[in-house]
Amino acid sequence: MSLYRHRRRSLLVLAAAACVAVSTMGMLGASAAVWPATAGSGAAAVKAPTALPHTRLAAAVTKMYATMYFSRSEITAADACTPDDTGIARLDTTVAPYLRSLRMSGTGSLVTGKTRKTATNCTHNGDTLNASWAQATSLAQTYGWHFVSATATYPADITSLPPIKQQAETCGSANTLDKHGLPGAHGLIAYPGAGGLPTSVQAKYGARCFAWGRQYDKSGTTTTAMGTTAPYWQFTRVFDGGPCNDPAAACYTMPAQGSPRYATPAELIALVDALRPGQWLTLQSYILVTGKNPPYTHNGTRWNCKSANPDLHWTNDVERYCYTDFQQVVQAIKARGITVTDPLTVGVAFGRPATYP
């Protein structure tokens, strides 16, 4: 056989192998559209993508993405820091299994410097218990959850801190998540919402160690263009609790903390329906509640989710939302075939790096 014919045959074999590889990758991509990888494979998948940024962007514009984000991974409610599951859809025993039944998983955030080894951390004036490292690890291993940073200590004004502490709150927090083996750590940093946008911190540290910095926006929708626009903010919409939406009802004018009005499922489903290829919807929950609140002694949160009419649902705190309404929104996401995934996966698809220092 001549040298020319030998080279020609080798090239043909290589070409055929390449076609098989491309076909296989396409099949894997289709099958993984909604159901997330396991914690181990998810971590491996985002560390070494082979596609070039422009190739990833081209693929991303054909898909719609969503993230079911759970702020500070709030496991359940408490009364003066004593656990009370009454009327609560617990994150670990109710919400995570429900999402898995739909072949979805969640993304939680952790305040890494306050997260404890096995015990929950009491926050929100003694009304809420945040996940421990052990609980976060269990959610990752059992249900394929990913975890991002809510900074190291959740400072009220991160911009006023000296540079070494700004770095510890941001990049240091991501490194702590890495050390605990949780996947997706560098996908997002969720700065405390009450302090305004820390643009200088995001530009100097956040964008260097995370794919995205969280920014609240009513649309909750991030576009592919935002993945190439420094300092790489993304938009997040909250499942807002608040006074009910029926002007004739007494709950319409009730006092509430943090939100002027309860977000109806129809309002949030409208965002789902408006989503287009090349866009990513992030919906943030805190604690999901059912029925009517128990007679707490110290806990001041109240709610009523008993009516069949969502316009009569109410909570007196933005951080409580009716579980049945949450389920309606999740079902709408499933019905549209939207890819539910974590912020780092979307970041890579939208052109952000896959690995960070």
Classify the angle between the aromatic ring planes of Trp280 and Trp212 as parallel (below 30°), tilted (30 to 60°) or perpendicular (above 60°).
->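 Tilted, since the angle between the ring planes falls between 30° and 60°.
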Stepwise side-chain hydrogen bond (donor to acceptor under 3.5 Å, both in side chains) check, Tyr296 with Thr301 | CA-CA 8 Å; Tyr296 292 128; Thr301 58; 4.7 Å; no
Are [Y] and [X] an aromatic pair, judged by ring center distance below 6.0 Å?
| X | Y | answer |
| --- | --- | --- |
| Tyr262 | Tyr321 | yes |
| Tyr252 | Trp314 | no |
| Phe210 | Tyr232 | no |

What I'd like to find out is whether the side chain of [X] reaches to under 4.5 Å of the side chain of [Y], using heavy atoms alone.
| X | Y | value |
| --- | --- | --- |
| Trp133 | Leu182 | yes |
| Trp233 | Arg214 | no |
| Arg336 | Val272 | yes |
| Met254 | Asn316 | yes |
| Cys305 | Thr290 | no |
| Val289 | Ile88 | yes |
| Leu102 | Val340 | no |
| Pro265 | Pro310 | yes |

Heavy-atom pair with the smallest gap, counting every atom of [X] and [Y]:
| X | Y | answer |
| --- | --- | --- |
| Ala185 | Ala174 | CB-O, 3.9 Å |
| Asp157 | Ser160 | O-OG, 2.8 Å |
| Leu110 | Ala136 | CD1-CB, 4.0 Å |
| Ala256 | Pro243 | CB-CD, 3.6 Å |
| Ala78 | Leu129 | CB-CG, 3.9 Å |
| Thr120 | Arg116 | O-NH1, 3.1 Å |

Going through the distances and angles, do Asp240 and Lys218 end up as a side chain to side chain contact (heavy atoms under 4.5 Å, CB included)?
-> CA-CA 10 Å; Asp240 294 301; Lys218 283 290 186 182; 3.7 Å; yes
Walk me through it: do Lys334 and Met104 pass the test side chain to side chain contact (heavy atoms under 4.5 Å, CB included)?
-> CA-CA 9 Å; Lys334 179 178 174 59; Met104 298 179 186; 3.6 Å; yes
Regarding [X] and [Y], do their side chains bring together a donor and an acceptor under 3.5 Å, going by distance alone?
| X | Y | value |
| --- | --- | --- |
| Glu169 | Tyr154 | no |
| Tyr143 | Gln141 | no |
| Tyr191 | Gln215 | no |
| Thr345 | Asp342 | yes |
| Asp317 | Thr315 | no |
| Tyr98 | Arg100 | no |
| His313 | Asp325 | yes |

Given the rule that I, L, V, M, F, W and Y join up when any side-chain heavy atoms are under 4.5 Å apart, are [X] and [Y] in one cluster?
| X | Y | answer |
| --- | --- | --- |
| Phe235 | Val238 | no |
| Val318 | Tyr323 | no |
| Met68 | Leu268 | yes |
| Tyr65 | Val148 | yes |
| Phe239 | Phe70 | yes |

Does the [X] side chain pair with the main chain of [Y], one donor and one acceptor, at a distance under 3.5 Å?
| X | Y | result |
| --- | --- | --- |
| Thr94 | Leu91 | no |
| Gln331 | Gln328 | no |
| Ser138 | Ala134 | no |
| Ser109 | Ser71 | no |
| Lys306 | Gly291 | no |
| Thr142 | Leu139 | no |
| Asp79 | Asn299 | yes |
| Asn121 | Thr115 | no |
| Arg352 | Gly347 | no |
| Thr221 | Ser219 | yes |

With sequence neighbours left out, write down each residue that passes salt bridge (Lys or Arg N to Asp or Glu O under 4.0 Å) with Asp92, or none if nothing qualifies.
-> Arg90
Going through the distances and angles, do Ile287 and Thr76 end up as a side chain to side chain contact (heavy atoms under 4.5 Å, CB included)?
-> CA-CA 7 Å; Ile287 285 186; Thr76 190; 5.7 Å; no
What do the steps show when you test Ser73 against Asn130 for side-chain hydrogen bond (donor to acceptor under 3.5 Å, both in side chains), and what is the final call?
-> CA-CA 6 Å; Ser73 301; Asn130 296 342; over 6 Å; no
Side-chain ion pair, Glu319 and Arg72, N-O less than 4.0 Å = yes
Before accepting this row, confirm whether a basic side-chain N of the pair Arg320/Asp127 lies closer than 4.0 Å to the acidic partner's carboxylate O.
->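 So Arg320 does not pair with Asp127 through a salt bridge.
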Quick one: do Thr112 and Ser173 satisfy side-chain hydrogen bond (donor to acceptor under 3.5 Å, both in side chains)? Show the steps, please.
-> CA-CA 6 Å; Thr112 56; Ser173 178; 3.0 Å; yes
Evaluate the criterion side chain to side chain contact (heavy atoms under 4.5 Å, CB included) for residue pair Asp178 and His186; output intermediate values, then yes/no.
-> CA-CA 9 Å; Asp178 282 339; His186 296 271; 2.6 Å; yes
Dump the intermediate steps for side-chain hydrogen bond (donor to acceptor under 3.5 Å, both in side chains) on Gln234 and Thr282, then the final yes or no.
-> CA-CA 9 Å; Gln234 63 87 244; Thr282 303; 3.1 Å; yes
From Leu283, Val95, Leu99, residue fulfilling side-chain contact (heavy atoms from CB on, under 4.5 Å) relative to Val330 =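 It is Leu99, the one option of Leu283, Val95, Leu99 that forms the side-chain contact (heavy atoms from CB on, under 4.5 Å) with Val330.
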Return the [atom1] to [atom2] distance between [X] and [Y], rounded to the nearest 0.5 Å.
| X | Y | atom1 | atom2 | answer |
| --- | --- | --- | --- | --- |
| Gln284 | Thr67 | CD | OG1 | 11.5 Å |
| Ser285 | Glu74 | OG | CD | 10.0 Å |
| Met64 | Ile333 | CE | CD1 | 10.5 Å |

